[in-house]
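First comes the structure, then the notes that go with it.
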Protein chains: 2
Amino acid sequence: MNIGDAARLSGLPAKTIRYYEDIGLIRPLRDTNGYRVFRENDLHKLTFLARARSLGFTIEECRTLLELYEDQNRASADVKRLAEDHLVQIDQKLTELMAMRETLSELIEACKGDHRPDCPILKGLSSVTQ
Amino acid sequence: MNIGDAARLSGLPAKTIRYYEDIGLIRPLRDTNGYRVFRENDLHKLTFLARARSLGFTIEECRTLLELYEDQNRASADVKRLAEDHLVQIDQKLTELMAMRETLSELIEACKGDHRPDCPILKGLSSVTQ
DNA sequence: GGTAGGGCTTCCCGGAGCTGGAAGGTCAAG
DNA sequence: CTTGACCTTCCAGCTCCGGGAAGCCCTACC
């Protein structure tokens with residue numbers, strides 16, 4: 001299987017797949033013409049990576065997850081710990097975003113949005129926030 | 001006022017302030033010794049920028065906001081539109097993160113987290129999610 | 001006057017995770 | 001033989017800075 005097929009089947013752009021090889025996440029074989037050759041196992045890893053990335057795991061976390069995935073003697077506790085740490089990151093981000101959302105929507109609410117220059121949004125940004 | 005004071009008062013690192021000058025967000029004067037000189041107005045812009053950035057506006061959005069801030073003939077509608085667009089971005093990000101959170105916490109829930117290799121998290125990542 | 005320290009300057013590199021594009025080899029179809 | 005779709009490598013750039021080097025400036029102290 002060439003990179004185009006691997007891309008279609010995994011849902012990852014070919015560029016991304018090449019990048020993942022560059023940084024050592026996957027090691028596809030090479031055909032005599034220099035083309036990358038993807039086997040079933042490579043494809044599994046790619047879809048694994050696509051899913052892990054879509055859950056927001058960083059590349060380095062994905063690298064660790066992939067190692068655990070391949071290690072038949074792993075302890076599920078190690079995986080769980082990694083996932084829980086990541087969940088904490090997500091929750092922090094969520095908290096941050098919700099605070100932004102709150103402040104911003106208050107400012108928007110207060111702004112008439114007409115042709116006049118008076119604007120609580122700009123005021124809120126220039127003086128103390130609320 | 002030198003960059004160190006401007007940094008302390010605005011809450012922005014000196015590096016960031018230099019960067020903002022580089023990309024033309026601010027234009028402090030220069031002393032004869034080459035040091036940047038910040039006036040009241042520069043400081044206002046810096047705190048404005050710090051607040052706008054903390055609400056998640058991109059640099060380019062900040063540039064526009066700053067222009068509107070300085071334009072005495074602006075229409076508050078223009079500011080409001082920008083803020084509303086940004087709110088949409090925030091909401092998209094929130095939706096995305098909450099979906100991640102949901103999936104991830106389900107997987108974590110299902111994982112015993114013991115010394116054995118069996119792990120629903122890895123299973124969830126390698127097969128279809130859910 | 002010399003020196004130690006802190007502050008300031010510019011410049012260049014790196015990071016996270018790709019994406020776009022150029023230049024060129026390969027392959028199957030017509 | 002040519003066209004067009006693949007594939008290859010390599011280099012640059014995106015966002016928003018942060019780290020660090022090399023070197024000038026200024027004040028305080030001895």
Side-chain angles (χ1 to χ4, degrees), chain A residues 1-39 42-43 45-46 48-66 86 89-90 92-93 96-97 100, chain B residues 1-39 42-43 45-46 48-66 86 89-90 92-93 96-97 100:
Chain A
M1 184 189 310
N2 285 344
I3 199 170
D5 299 318
R8 269 181 290 278
L9 293 172
S10 68
L12 291 170
K15 277 277 194 187
T16 300
I17 297 178
R18 291 196 192 96
Y19 173 67
Y20 287 173
E21 184 188 11
D22 267 5
I23 62 175
L25 285 181
I26 50 165
R27 293 182 208 288
L29 297 176
R30 293 291 179 141
D31 207 339
T32 50
N33 58 13
Y35 286 19
R36 288 170 184 80
V37 175
F38 295 83
R39 290 155 301 174
D42 297 314
L43 194 57
K45 287 197 196 175
L46 287 175
F48 183 97
L49 286 168
R51 294 222 177 82
R53 291 290 296 133
S54 80
L55 286 182
F57 286 101
T58 67
I59 291 284
E60 287 316 306
E61 287 168 336
C62 287
R63 193 188 299 278
T64 306
L65 283 171
L66 214 44
H86 181 51
Q89 302 301 314
I90 289 181
Q92 281 178 4
K93 203 90 182 105
E96 211 178 305
L97 276 176
M100 283 184 192
Chain B
M1 185 188 311
N2 286 345
I3 200 170
D5 300 317
R8 271 181 290 278
L9 292 173
S10 68
L12 290 170
K15 277 277 194 185
T16 301
I17 297 178
R18 290 197 193 96
Y19 174 67
Y20 287 173
E21 184 188 12
D22 267 5
I23 62 173
L25 285 181
I26 50 165
R27 293 182 209 287
L29 298 177
R30 292 292 178 141
D31 206 340
T32 50
N33 59 11
Y35 286 18
R36 288 169 183 82
V37 174
F38 295 83
R39 291 155 300 175
D42 296 314
L43 194 56
K45 286 197 198 175
L46 286 176
F48 183 96
L49 285 169
R51 295 222 176 80
R53 292 287 297 133
S54 79
L55 286 182
F57 286 102
T58 67
I59 292 284
E60 286 316 306
E61 286 168 338
C62 288
R63 193 187 299 277
T64 307
L65 283 171
L66 214 44
H86 181 51
Q89 302 301 313
I90 289 181
Q92 281 178 5
K93 203 89 181 109
E96 211 176 304
L97 275 176
M100 283 184 193

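Residue numbers begin at 1 in each chain, while the letters A, B, ... track the order of the sequences.
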When all nucleic acid strands are considered with a 4.0 Å heavy-atom cut-off, which category describes B/I23: base, sugar-phosphate, or nothing?
nothing
Phosphate-side-chain proximity, A/N33 and C/dC27, N/O vs OP1/OP2 below 4.0 Å
yes
Can you tell me how far P of C/dC8 sits from CE of B/M1, to the nearest Å?
12 Å
Ranking D/dT8, D/dC17, C/dT9 by distance to the side chain of B/I3, first place goes to C/dT9
Rounded to the nearest angstrom, tell me the gap between atom CD in A/E21 and atom P in D/dC7.
14 Å
Side chain of A/T16: nearest nucleotide among D/dG18, C/dT19, D/dT9?
C/dT19
Without decimals, in angstroms, what is the distance between B/R18 CZ and D/dA21 C1'?
14 Å
With heavy-atom distances below 4.5 Å as the criterion, would you say the side chains of A/F48 and A/L65 are in contact?
yes
Salt bridge present between B/E60 and B/R63 (N-O < 4.0 angstrom)
yes
Between CG of B/D31 and C1' of D/dC26 the distance, given in whole Å, is 12 Å
Counting only side-chain N and O atoms of B/R30, is one of them less than 4.0 Å from OP1 or OP2 of C/dT10?
yes
Taking the basic N atoms (NZ, or NE/NH1/NH2) and the acidic carboxylate oxygens, is any pair closer than 4.0 Å for B/K45 and B/D42?
no
Picking from C/dT19, D/dC16, C/dG17, which would you name as closest to the side chain of A/Y19?
C/dG17
Minimum-distance nucleotide to A/Y20 side chain [options: C/dT19, C/dG17, C/dC18]:
C/dC18
Without decimals, in angstroms, what is the distance between A/I59 CD1 and C/dC18 C1'?
9 Å
Rounded off to whole Å, could you give me the CG-to-P distance for the A/L29 and D/dC7 pair?
16 Å
From the list C/dC8, D/dT8, C/dG17, which nucleotide is the closest neighbour of the side chain of A/R53?
C/dG17
Euclidean distance, atom CG of residue A/L25 to atom C1' of C/dC18 [Å, nearest integer]:
13 Å
Taking the nucleotide of DNA chain D with the closest heavy atom to each, which residue, B/T32 or B/E60, is nearer the 5' end?
B/E60
For the side chain of B/K15, counting heavy atoms from C-beta on, which of C/dC18, C/dC11, C/dC27 is nearest?
C/dC11
Do the non-hydrogen side-chain atoms of B/R36 and B/R30 ever get within less than 4.5 Å of each other?
yes
Select base, sugar-phosphate, or nothing to describe what B/R36 touches, counting heavy atoms under 4.0 Å on all strands.
sugar-phosphate
To the nearest angstrom, the CG-P distance between A/D22 and C/dA16 comes to 15 Å
Taking C-beta and beyond as the side chain, do A/Y19 and A/L25 meet within less than 4.5 Å on heavy atoms?
no
